[in-house]
Amino acid sequence: MDYILVVFASSTTAGRVKALLKKQYNIEANIEQTPSELSLSGCSYSLKTNEKYADLIWKIVSQSGLSSKGIYRLKDYHKIK
């Protein structure tokens with residue numbers, strides 16, 4: 001199974017998206033501190049979940065008026081959104 005990291009500026013935003021995923025779609029995600037290898041400015045938090053949910057999560061973030069620093073593949077930190 002391939003995983004993604006959906007990067008947010010705060011743990012609050014990551015938590016809001018995690019709750020939406022669970023409540024509306026029964027999708028599990030874990031909140032983690034973003035790895036330093038991603039070299040994003042400042043402290044950030046990520047949701048780790050299955051890569052097959054990337055498009056859905058991006059849609060949820062966009063429609064909710066929230067912002068994300070991007071979606072990255074966990075295995076190589078390649079930005080996919």
Side-chain angles (χ1 to χ4, degrees):
M1 180 181 318
D2 290 327
Y3 290 96
I4 56 171
L5 294 174
V6 186
V7 182
F8 300 97
S10 72
S11 60
T12 303
T13 305
R16 290 173 75 187
V17 175
K18 178 182 177 179
L20 283 170
L21 287 173
K22 181 64 177 170
K23 183 178 180 180
Q24 294 180 1
Y25 302 96
N26 200 31
I27 294 172
E28 295 290 333
N30 295 319
I31 298 176
E32 302 180 354
Q33 192 161 13
T34 303
S36 59
E37 292 85 358
L38 287 177
S39 301
L40 300 171
S41 60
C43 186
S44 62
Y45 292 86
S46 299
L47 287 182
K48 177 184 171 186
T49 192
N50 191 303
E51 187 173 353
K52 69 182 179 181
Y53 302 125
D55 291 333
L56 174 63
I57 293 171
W58 195 249
K59 180 180 172 184
I60 290 168
V61 169
S62 299
Q63 289 179 345
S64 300
L66 301 171
S67 63
S68 169
K69 294 182 177 186
I71 298 179
Y72 298 81
R73 274 195 223 112
L74 181 60
K75 65 183 174 186
D76 59 8
Y77 300 128
H78 176 77
K79 188 173 185 174
I80 59 174
K81 296 229 179 260

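Summarising the local packing, CZ of Arg16 is surrounded by 12 or fewer heavy atoms from other residues, nucleotides or ligands at distances under 6.0 Å.
Inter-residue side-chain proximity for Leu20 and Ser64 is flagged as met; some heavy-atom pair is nearer than 4.5 Å. Here the side chains of Tyr77 and Pro35 are in contact, with some heavy-atom distance below 4.5 Å.
There is no path of hydrophobic side-chain contacts, each under 4.5 Å, that joins Val6 to Met1.
Checking Leu74, Ile71, Leu5 one by one against Ser46, the side-chain contact (heavy atoms from CB on, under 4.5 Å) holds for a single residue, Leu5.
A donor-acceptor pair is defined here as one N or O able to donate and one able to accept, closer than 3.5 Å; such a pair exists between the side chain of Ser68 and the backbone of Gly70.
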- Query: Going through the distances and angles, do Ile4 and Ile57 end up as a side-chain contact (heavy atoms from CB on, under 4.5 Å)?
  - Reply: CA-CA 11 Å; Ile4 56 171; Ile57 293 171; 4.3 Å; yes

- Hey, mind stepping through Val61 and Phe8 against side-chain contact (heavy atoms from CB on, under 4.5 Å) and telling me if it holds? CA-CA 10 Å; Val61 169; Phe8 300 97; 4.0 Å; yes

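Of all the heavy atoms in Ser11 and Tyr45, the pair that sits closest is N-CD1, 3.5 Å. Residue Lys69 comes nearest to Lys79 through the heavy atom pair O-NZ, 3.6 Å, listed as atom of the first residue, atom of the second, then distance.
The line from CD1 of Ile80 to OH of Tyr72 is 10.5 Å long, rounded to the nearest 0.5 Å. The OG atom of Ser44 lies 7.5 Å from the CG atom of Leu38; values are rounded to the nearest 0.5 Å.
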Check residues 21-32 and write down every donor-acceptor pair under 3.5 Å in which the side-chain atom is one partner and the other belongs to a residue at least two apart or another chain.
residue, atom, partner, partner atom, Å
Lys22, NZ, Asn26, OD1, 2.8
Lys22, NZ, Glu28, OE2, 2.5

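At a threshold of 4.0 Å, the pair Asp55-Lys81 counts as salt-bridged, since one of the basic side-chain nitrogens sits closer than that to a carboxylate oxygen.
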